[in-house]
Amino acid sequence: MYKDLLVQSPLLVLPIAAMFLFLAVFVAVAIRAATRSREDMEMAARLPLGDDHDHR
Amino acid sequence: MTAAADFPGSLAAAPGDFETRRIVYNDSISRWFVGASVVWGLVGMLVGALVALQLAWWHANLPPYFTYGRLRPLHTNAVIFAFVGNMMFAGIYYSTQRLVKARLPSDLLAKIHFWGWQAIIVSAAITLPLGITQGKEYAELEWPIDLAITAIWIVFAVQFFWTLARRTEKHLYVAIWFYIATILTVAVLHVVNSLAIPVFGFKSYSLFGGAKDALVQWWYGHNAVAFVLTTPILGIMYYFLPKAADRPVYSYRLSVVHFWSLIFVYIWAGPHHLLNTALPDWAQTLGTAFSVMLWAPSWGGMLNGLLTLKGAWGKVRTDPVLKFFVAALTFYGMATFEGPLLSFKSVNGLAHYTDWIIAHVHAGALGWNGLMAAGMFYWMVPRLYGRDLWSKKLADAHFWIGTFGILLYVISMWTSGITQGLMWRATDAHGALEYPNFVETLNAIRPMYWMRLIGGSMYLIGMFMMAYNLARTALAGKAVDGEATVVVERVVARETPWAEILFGKPVILVTTVTILIATMAVVNNEASLVLSSIVIVVAVLGTTALHLAVDRSRPRWHRLLEGRALLFSSLTIIAVLAGGVAELVPTLLVTPNDPQILAEARPYRALELEGRDIYVREGCYNCHSQMIRPFAFETKRYGDPSTLAESIYDHPFQWGSKRTGPDLAREGDKYPNVWHYRHLVDARSVSPGSNMPPFPRLVTDTVNLARTATKMHALQSIGVPYDDRQIAAARSDAEAQGAEIAKNLRDDGVAEVDAQSEIVALIAYLQRLGKHPPPARGPDVALTP
């Protein structure tokens, strides 16, 4: 299948390579997110809360 | 080091190093944008109801300015860029100031942004009914307006990043990431897709032609959905939903994964708008693959939102704001489940060109965007005006009538789409089409058109209720601006130097892998694929392992990144560009060199070109495709499948996306000229039951042939192979062709025909569709077939 594709143009290695790259980044991000500390995450998650005086 | 080191802004310091500062936010800007969004939302949906009526009852077309072909772009542009656009600016400005604890730095820029954007909308509302259009969906506005959009977008970006630069909260909350991705990606999309060569003040031709234009357009079109209708609204969801529920988002980890996977995957899915067309197979396959992948992050985001309400469901029952958010997320889930489904070639074969797609987009626009907007407004306006919502009951009523309206809309369009799709492909025992007359399939779905109108109108009534409720709230209160007290350091904390980030492991990893792949690609195409996959897997596993093993006390890479708005932005844009470039470049570079394509293709004659411009101006492409797919039922109805060659000189391409009427790719010679003449004046006279708008003005208005040569010259400069002789003879050739058609019409009984009338030019174009005139040989033969 890849062979068929590349016969059309060597440039087609671009999308394929990029796709693999993206998958790699995805895996990396997932691992990073999973390994971050709980306090970090909770602190970040609380950012929208209690940021303002309610004038109503 | 302590945990504080992870937050460069909150480094432990001696007590004396801090000062307390009071911030008053610029909330006027949000008040204006909310007002504008509500007003334009009403206008855009009113036009929506009008075009829905026009499809059900053709008399609602008021030529020349208010026909379906001209108003449908007005409806889509108004809803996307005026209603959702203004809503998104309101939400972004409101939440960003609070999330980064800084006031917008410039009130002047805020005013320019607001009034500039409204001026663009007004110019769209004027030019589109006038027929001034580039003929590309959701990018119809002509080049001067495109330039204005670019300028205003830059103003917005400057204001936004300047705010981030002045922030007193170092960590950038996930909503901000979504906003950054929005600002940068929309800029890229808009600029690339708007690339055009101006011919006159309000006329231009797309720089790209045929399949290339199609790919660029749908890369843009799809990502307009992604980065105008999705990412900013997700950011808004991540801010306003936790606020309204008064609890943090269910999983911040999930939101990180959600963000990166969404922006990485979205940018690729555009070709799913071009499945089964003449677009190269590999691009179609990529479109399908990425669309299916998109399902995961979309549902991740939806679940993250819904689970935030875990334990707060009691509140959902009583609070209209949460009710709207929950329903919006549910519709988001529905639409993002349907999207990947529609990206399978087989499903797409049935659904494409039908009302099923209309159902899909309205589940998104009315359900996800419209209900998110309502929830946000009901939350914000009371706070912006310092009093409770005028009527909770009315908001509840809005919720129910709106939701019911969407369901009615979506169900009627599903039914309509599937019914018509099945009728188009129905064949009898002998393999002949069961419904060869297109109008039969139109009549079958007409009741659904009425039901859609009712559903849409109910939604619109809900919008009016909301407008009234919000206006009463605002009038009874008075404008108040949010305030906050922040503790800031007197001395700016030292941030980790750029070098440390630039040479951090993830950057090194990604760069190395890219270089490796590029090298191998050059050396040996086929081997590189296998090798590069292995390299990547090894590199990822290796670095991850290494990373987990090393000293955990050093500041985390990703944390530093978040504190660095600029670098973060660069990485986002690389992510987005990489997808776009990898997908677009092969098509943009490869196709034009194909000698076979070039041998077959022939540019339009002068009068045909003028006819084509009328076709674009009237928005015929809103109802007619010019792309025959390789299905037996389709070739039986319309002729041989379309080839890339046939549209290669079409700037812009006119493949279309919806078949309210039949495909026109091989319309040439199908009917005599006089049929087209009568049909264009009033379709019912030759095709009873048709809902095509009447175009009587085409008979009396004439083509300005003095401008034709200039147009051909412009096209020549972007690669359409006109030679100078043809351009010089443009006028005489157009007159000759016009005279011939006019004579033929008179012979067939049409009383008065002006050879230079627009209808003659349009007929010349329609009769040329799907025809291959012989190649030009000598100076004399060149201009007369």
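Naming: A, B, ... by sequence-line order, numbering from 1 per chain.
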Legend entry - Structural part of B:Tyr238 lying under 4.5 Å from a heavy atom of chain A: backbone

Legend entry - Between CZ on residue A:Arg46 and OH on residue B:Tyr173, distance to nearest 0.5 Å: 10.5 Å

Legend entry - Residue pair A:Ala33 / B:Val257: nearest heavy atoms and the distance that separates them: CB-CG2, 3.6 Å

Legend entry - Residue pair B:Val256 / A:Arg36, side-chain heavy-atom distance below 4.5 Å: yes

Inset, instruction - For B:Arg253 and A:Met41, indicate whether the former's side chain and the latter's backbone hold a donor-acceptor pair under 3.5 Å. - result: no

Legend entry - NE2-CG distance between B:His171 and A:Leu47, expressed to the nearest 0.5 angstrom: 6.0 Å

Inset, instruction - Look at atom OH of B:Tyr250 and say whether more than 12 heavy atoms of other residues, nucleotides or ligands are closer to it than 6.0 Å. - result: no

Legend entry - Nearest non-hydrogen partners of A:Ala45 and B:Val249, listed with the distance: CB-CG1, 4.1 Å

